[in-house]
Amino acid sequence: MIVKEFAAGDSLIQRLDPRVKIVVATLFSVVVAVSTQWVVLVLALALGFCIVQVAGVPMKELIRRLVPVNGLITFLWFFLPFTFEGESLFSIGPLVATREGVYYVARISIKSNAIMVVLITLIASTSIFTLGHAMYELGIPKKITHLFFFTYRYIHVMHHEYLRLVNAMKIRGFRPRTNMHTYKALAYLVGMLFVKSYERAERVYNAMLCRGFRGRLYSLSQFSMKTIDIIFLILMLAVILGLVVLEWTRIA
Amino acid sequence: MDKNSLIINLMDVTFAYPGGAPVLDELNLQLHQGERMGLMGPNGSGKTTLLHIIMGLLKPSSGNIEIFGKTVRQEKDFRSVRQRIGLLFQDADDQLFTPTVLEDVAFGPLNLGKSQDEARTVARKTLASLGLTGFEHRMTYKLSGGEKKLVALATVLAMEPEVLLLDEPTAGLDETTEKRIIDILKGLDLAYILISHNIDLLMEATHRIGYMIRGKVSVDEERIPHTHIHIHEHGRYAHKHGLKWPDKKY
Amino acid sequence: MDKNSLIINLMDVTFAYPGGAPVLDELNLQLHQGERMGLMGPNGSGKTTLLHIIMGLLKPSSGNIEIFGKTVRQEKDFRSVRQRIGLLFQDADDQLFTPTVLEDVAFGPLNLGKSQDEARTVARKTLASLGLTGFEHRMTYKLSGGEKKLVALATVLAMEPEVLLLDEPTAGLDETTEKRIIDILKGLDLAYILISHNIDLLMEATHRIGYMIRGKVSVDEERIPHTHIHIHEHGRYAHKHGLKWPDKKY
Amino acid sequence: MHISEGVLSPGVLIAGAGLTAAGVAVGLRRLENEEIPSVGILSAAFFVASLVHVPVGPSSVHLILNGLLGLILGWKAFPAILVGLALQALLFQFGGITTLGVNTLNMALPAVVCHYLFSWGVGIGARRLVFILSAFAGGCCAVFLSSMLVGFSLYLTGEAFLPVAKVVVAAHLPVMVIEGGLTAVCALFLRQVKPELLEGAYVPKLSSQPQNGSG
Ligand SMILES: Nc1ncnc2c1ncn2[C@@H]1O[C@H](COP(=O)(O)OP(=O)(O)OP(=O)(O)O)[C@@H](O)[C@H]1O
Ligand SMILES: Nc1ncnc2c1ncn2[C@@H]1O[C@H](COP(=O)(O)OP(=O)(O)OP(=O)(O)O)[C@@H](O)[C@H]1O
Ligand SMILES: [Mg+2]
Ligand SMILES: [Mg+2]
């Protein structure tokens, strides 16, 4: 299933106000993304793993979701050590790996994983729809949040239609190969996907009009800041501020 | 049947999709208070189109539509119509678009200006009345075909409409669910138009049947009582014949 | 009915969608050469899933599938199965994806390695046999519901299958089109499994009926002749009762 | 063509976010409320298309379709792609929060450029050959520009990224051709089946008051 949400369970993180979670995850990502100090990065990664632990995200799920991120990182490991100027560390044939290069990619790897672990915690503990409403509450323009809702909703529809079309092709003996017949069939598949989804969207929109829709989406989930949210927010802000101070003082 | 009890009155309504032949051709149709009308006709004869015209989702090229005694023409005229008439779409998938059942059912009441609490209460009550208690937090897109139809019906009923337009509410459903939906409909104190290809079902759930063809609806008021005697095997499944025309009082 | 005539043989097949309860639970099913089997059961009982398992679109978690006497397991085993068994989807819309009817019908034969000319000839011939001459250049997605079902059937038949799996081929169709499709099916010299919620239709078009429930198919071989007498009005529409079990010869 | 979190330098991230914000603002100004559902479908299509794998010899590539999106949507491609990428980040962890700006820019800017260059050729009235060539060029060009921008973002982060950047662009050369071809056939399909979707710079509007039909 394409869009398998795994917002389940009932951990502390699960119950936090989604707005708090978004703010914390965003600040954390930004700070880590611009940091360069080893201490900061390692602390951030450790912090990320603590949070993901508290949220009770299953290890298997976590690893599965970290795979795509580390794809590009692995790719970089094949290049950057050899293209950085600096003190040579080892060599493979004519290629010389430098200490600076290796450190650089290592930092990137830590950064990436630290940020991703926190992002995974966020989505593991909040449904996408709730995230959308929370974004609206946080001042993201209404048009964007609406677009977000509709896109999310249609992804399901289109993916279902996509799977059904793929099955329809399969049962008629279709096997993708490198030839014109394949390319044409795939183009038709995409075209049909557009057409059918367009028509479906038209019908869904009509259904919404029939139920009194006037351009405003309401949510049943009420957001309210509780004491626990405020404590968590202050705590996390303090930690992130700590990271900033650490990064900044070391540079200075 | 006096003029005051008229709820829906279509007069000489004509409609064509862009570039197509007229689907509705000077069509006339009346629905009265408390009346239950069946509608049948070949595929593509324009039944769905007709309901969409009534809801103002499509605009006729000519003709006149009066609903609750007022002529409706503009989008804004139809806004209030849509609060009083509920449309059940032919494909329930079109009707359900939020992730959970409760949110979907509460969507209409929220749009009508109800508070979150009120909306939630109405939604729960409607679900309960359709025997869907416990479905509140199910994902809408994971429901079975029959469950989807029932939830779609709940989303419409939660708006407390005065009239229902039902576009093949039981197509593709098994007999038990079909019967359940029909029983629910018969238990409601509402006027409705019910589209179906199943004559037995229409006989059971409606007072009169319109037949749609060549852009018009002809209502068959004449009744031809007749008898069938038949024998068949697998009798254990075959209990949907033998329906009688329900008491006609409206 | 000897063992050699077995076309489809499912033995103790179990299947569950990810994270769900088993939909097929140690299910057994046999289809023999020339046999026409009906399949009914409540919504969500797993009928569609069953057909998808037979075509290898879903993989069972346990159990054994033999088709044409060979055990099939892998994707590549199913490739040849798909050339010999045709599946008509529950929703014809899912089956048609090229712009014109002719291209769509020719798609299967092209995949089977036919040349453009051959594919086109087969496609035309198939369309003609279903009374769809003149449809070659119509847009698939602008066809009416009934026409779509017929074209979808043509796309399947163009692959010259030995067995058909038909998933509610007449749901949502008017009576005339339903009758046309049933007549076409009865005229074909093929074994098939036919899913429907309409017992009368199954009685007319199949030799025996399986009932699917709780993950299993039970075939009701026992026959209970019985009589209905009923009277109703609007007799002019009501001519679909009174079907007899067809001659059972296979 | 997503760039992961943690790779790019702060300067590139900020520039990307700023330019994307500007692009999205222009797109939103042109986006009317009734158009939101239909633009939503197109961003969903953009999302789902990334699941379609096209075989190329022994390996396969996935579709990007930002060219097609640009031809249809123009500036509105910015918000559409932003939302598509945000959802990809949330659901698949492709890209992330801080790179959202750069990634959107890399995909959406080429879409807008192609719109200005080629959308005149994919109008309903266009001659068949012109139509095919424009659609092909649109699909092709968008992927090429995107790969260049991705390479450029990496290069701006550090000169050491130059070889990586070159590999990214080179790897997308076959994708360009395939994407162009698919965009052309797909556009032809739409022209034949649902021309409303392609009317020049037309955005399908799920209007609530179609004058003469379904809108
Ligand atoms: N969006 C559309 N654009 C163009 N033509 C359309 C559209 N929708 C329906 N039609 C055509 O209008 C006619 C009437 O369609 P409609 O859906 O109202 O029929 P119906 O009586 O509901 O059929 P069914 O019993 O199959 O549901 C058909 O010929 C159909 O092809
Ligand atoms: N893709 C899917 N993912 C998860 N569950 C599914 C999926 N498809 C079907 N199901 C579930 O599996 C069960 C069997 O579905 P299936 O479609 O086979 O039923 P069916 O007998 O064909 O019903 P119908 O008469 O409504 O067509 C249902 O409970 C359904 O909700
Ligand atoms: Mg209809
Ligand atoms: Mg089914």
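Convention: sequence-line order gives letters A, B, ...; per-chain numbering from 1.
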Legend entry - Separation between CD of E175(C) and CG of N198(B), rounded to the nearest 0.5 Å: 8.5 Å
Inset, instruction - May I ask you to name which of G146(B), S196(B), G172(B) has the most heavy-atom pairs under 4.5 Å with chain C? - result: G172(B)
Inset, instruction - Say whether, by atom type as modelled, one donor and one acceptor occur between the side chain of D174(B) and the main chain of N43(C) under 3.5 angstrom. - result: yes
Legend entry - Residue T177(C) versus chain B: region with a heavy atom under 4.5 Å: side chain
